[in-house]
Number of protein chains: 2
Amino acid sequence: MSRSNSGYHHGNLAESLERAAMELLETHSAADLSLREVARTAGVSHNAPYHHFSGKNDLLKTLAERSMAELVASQRRSLEGVDPNEHLRSMLADYVRFAVARPHLFAAIYDPTICVPGQPTPAMAVLIAEEEQLLSDTARDARPELPDTRAFAAAAWGLAHGLAQLAQVGHLPQQAVDAAIDAFVVR
Amino acid sequence: MSRSNSGYHHGNLAESLERAAMELLETHSAADLSLREVARTAGVSHNAPYHHFSGKNDLLKTLAERSMAELVASQRRSLEGVDPNEHLRSMLADYVRFAVARPHLFAAIYDPTICVPGQPTPAMAVLIAEEEQLLSDTARDARPELPDTRAFAAAAWGLAHGLAQLAQVGHLPQQAVDAAIDAFVVR
DNA sequence: ACGTCATGCTTGGCACTGTCAAGATAGTTG
DNA sequence: CAACTATCTTGACAGTGCCAAGCATGACGT
């Protein structure tokens with residue numbers, strides 16, 4: 001895990017902690033995640049994290065940013081189709097896929113107790129703006145005739161976000177999600 | 001708050017606790033809600049709740065059911081328009097309004113740590129089915145020509161749910177939500 | 001080579017939480 | 001009035017986030 005493990009002076013604890021927390025977030029929710037357990041799995045004392053993060057929320061904020069960056073990158077990658085409608089469809093499907101695959105990380109991104117609502121981290125603000133731009137561009141290409149592209153893009157984001165939540169909870173199976181996206185994109 | 005307050009034997013603690021928790025959920029999230037604080041605001045000892053609920057989650061489950069019932073009732077009420085499109089629009093707007101007005105209660109309804117995913121309370125299952133039917137009927141009236149009403153209804157639910165989340169977080173102002181709903185309903 | 005020192009991690013402690021166990025009290029029934 | 005049960009209490013335990021203080025370690029000036 002770490003390069004030099006000679007009792008004290010771990011080497012790069014910050015990264016080890018992030019890694020450990022990332023793993024734990026695959027089974028625990030952000031609220032259920034214990035900073036002490038993160039420290040334990042990283043093999044350090046319960047207070048070591050405080051020398052690298054100002055607290056539990058700070059660590060979570062870092063992970064949320066990391067995750068959002070991954071999501072945006074994934075969204076950018078799913079733009080490589082040809083048909084604009086297919087662009088939009090695959091982007092939305094990809095959004096839902098990400099949320100279902102990493103439910104707790106996805107939740108952390110939008111968790112008001114981590115990034116206070118309307119008070120996003122600078123880095124997070126940039127990422128959200130990127131995502132918005134990505135969606136807006138895709139929406140414009142798919143519906144060039146619409147006067148208000150922003151509204152359509154907002155609807156697309158809302159749709160993807162909501163389907164993601166409903167799918168996470170087990171209310172919508174994968175196939176229903178795809179059908180719903182189709183119903184939104186196709187006309 | 002209670003009828004007979006003679007030291008012991010509160011009278012109707014269960015309801016008082018629910019009321020207290022309901023109030024606290026206006027400022028605290030479900031995870032941040034302390035059962036002990038609920039007991040405190042109800043004026044009883046920290047262990048009294050355990051004689052009426054099996055634990056914190058049980059109380060939250062009850063509140064989530066209560067809230068979902070309220071939401072469904074509200075949705076049913078917003079069906080009183082005339083134009084089918086207007087039906088749909090007002091239903092979606094109402095869904096978002098509810099979520100924004102009571103963010104923590106709304107979150108509790110879909111919180112996997114309260115109602116385990118795919119394991120809803122019987123009462124909750126009924127309410128969800130009702131909501132689904134309500135949306136499905138409205139969707140059919142608004143788009144009778146569509147072959148797959150279920151997919152369109154699922155999209156509508158997803159849209160409302162996602163817009164609600166994004167609005168809660170402060171990402172979408174009210175007017176953007178309305179515009180997005182319009183973009184979805186109108187064609 | 002050696003003392004000095006800041007960095008990074010540790011132990012210890014505090015107030016808080018959810019939950020279990022056992023005791024006290026009050027209304028009910030014989 | 002005695003026994004009983006429902007209801008609420010106090011007490012305890014393990015766990016949490018976080019603050020304060022102490023100790024090990026490697027770097028640096030001399």
Side-chain angles (χ1 to χ4, degrees), chain A residues 1-21 23-25 27-64 104 108 111-116, chain B residues 1-21 23-25 27-64 104 108 111-116:
Chain A
M1 195 76 36
S2 64
R3 293 182 304 112
S4 73
N5 195 353
S6 57
Y8 280 47
H9 288 61
H10 178 117
N12 49 358
L13 227 204
E15 194 184 315
S16 288
L17 289 171
E18 289 182 27
R19 232 192 276 284
E23 273 181 29
L24 288 173
L25 278 179
T27 55
H28 304 65
S29 80
D32 286 350
L33 177 72
S34 153
L35 196 49
R36 287 167 111 107
E37 190 178 359
V38 173
R40 241 174 278 135
T41 51
V44 292
S45 85
H46 69 262
N47 240 358
Y50 287 89
H51 292 263
H52 299 270
F53 303 92
S54 74
K56 180 183 175 183
N57 254 349
D58 191 37
L59 172 56
L60 286 174
K61 250 183 273 190
T62 302
L63 299 185
H104 302 306
D111 191 333
T113 72
I114 296 173
C115 281
V116 183
Chain B
M1 195 76 34
S2 64
R3 291 184 305 113
S4 73
N5 196 353
S6 57
Y8 281 40
H9 287 63
H10 177 116
N12 49 359
L13 226 202
E15 195 185 314
S16 288
L17 289 170
E18 289 181 28
R19 230 192 278 286
E23 272 181 30
L24 288 174
L25 278 178
T27 55
H28 304 66
S29 81
D32 285 350
L33 177 72
S34 153
L35 195 50
R36 286 169 111 106
E37 190 179 0
V38 173
R40 240 174 278 135
T41 50
V44 292
S45 87
H46 70 264
N47 240 356
Y50 285 88
H51 293 266
H52 298 270
F53 303 93
S54 74
K56 180 183 175 184
N57 253 349
D58 192 37
L59 173 57
L60 287 174
K61 250 183 272 189
T62 302
L63 299 185
H104 302 306
D111 191 333
T113 72
I114 295 172
C115 282
V116 182

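Throughout, a chain's letter reflects where its sequence line sits, starting with A, and its residues are numbered from 1.
Atom OH of B:Y50 and atom P of D:dA12 are 18 Å apart (whole Å). Rounded to whole angstrom, the span from the CG atom of B:L13 across to the C1' atom of C:dG27 amounts to 16 Å. Atom CG of B:L33 is separated from atom C1' of C:dG18 by 12 Å (rounded to the nearest Å). In this structure, CG of A:N12 is placed 18 Å from P of C:dT7, rounded to the nearest angstrom. In this entry the distance linking CG of A:L60 with C1' of D:dC18 reads 15 Å, nearest Å. The CZ atom of A:F53 sits 15 Å away from the C1' atom of C:dC9 (whole-angstrom rounding). Across the protein-nucleic acid pair, B:K56 atom NZ and D:dG15 atom P stand 18 Å apart, rounded to whole Å.
Each of A:S54 and A:S34 was assigned the nucleotide of DNA chain D with the nearest heavy atom; the assignment lying further toward the 5' end belongs to A:S34. The residue among B:H51 and B:G55 whose nearest nucleotide of DNA chain C is located toward the 5' end is B:G55.
Picking from D:dC8, D:dT10, D:dC19 the nucleotide with the shortest atom distance to the side chain of B:H52 gives D:dC8. Side-chain proximity of B:V44 to the nucleotides D:dT9, C:dT11, D:dC18 is greatest for D:dT9. Here D:dG17 is the nucleotide among C:dT19, D:dG17, D:dT9 with the atom lying nearest to any side-chain atom of A:L35.
The residue from B:L59, B:L35, B:V38, B:D58 that alone fulfils the side chain to side chain contact (heavy atoms under 4.5 Å, CB included) condition with B:P49 is B:L35. Across B:T27, B:L25, B:D32, B:L33, a single residue satisfies side chain to side chain contact (heavy atoms under 4.5 Å, CB included) together with B:S29, and that is B:D32.
The base of D:dG15 does not come close enough to the side chain of A:R36 for any donor and acceptor atom to sit less than 3.5 Å apart. For B:N47 and C:dC20, a side-chain-to-base donor-acceptor distance below 3.5 Å is present, hydrogens and geometry of angles not being considered.
In this structure, A:I114 CD1 and A:K56 NZ are separated by 8.5 Å, a value rounded to the nearest 0.5 Å.
Listed pair A:R40 / D:dG15 fails the phosphate criterion, with no side-chain N or O lying under 4.0 Å from OP1 or OP2. Neither OP1 nor OP2 of D:dG15 sits under 4.0 Å from any side-chain N or O of A:H46.
No engagement by A:L59 is indicated, since no non-hydrogen atom pair under 4.0 Å with the nucleic acid exists. Within 4.0 Å (heavy atoms only), B:S45 reaches at least one base atom of the nucleic acid.
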Output, in order, the C-alpha distance, side-chain angles, deciding distance and verdict of salt bridge (Lys or Arg N to Asp or Glu O under 4.0 Å) for A:R19 and A:E15. CA-CA 6 Å; A:R19 232 192 276 284; A:E15 194 184 315; 2.4 Å; yes
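Closest approach of A:A14 to A:H52, counting heavy atoms only: CB-ND1, 3.8 Å.
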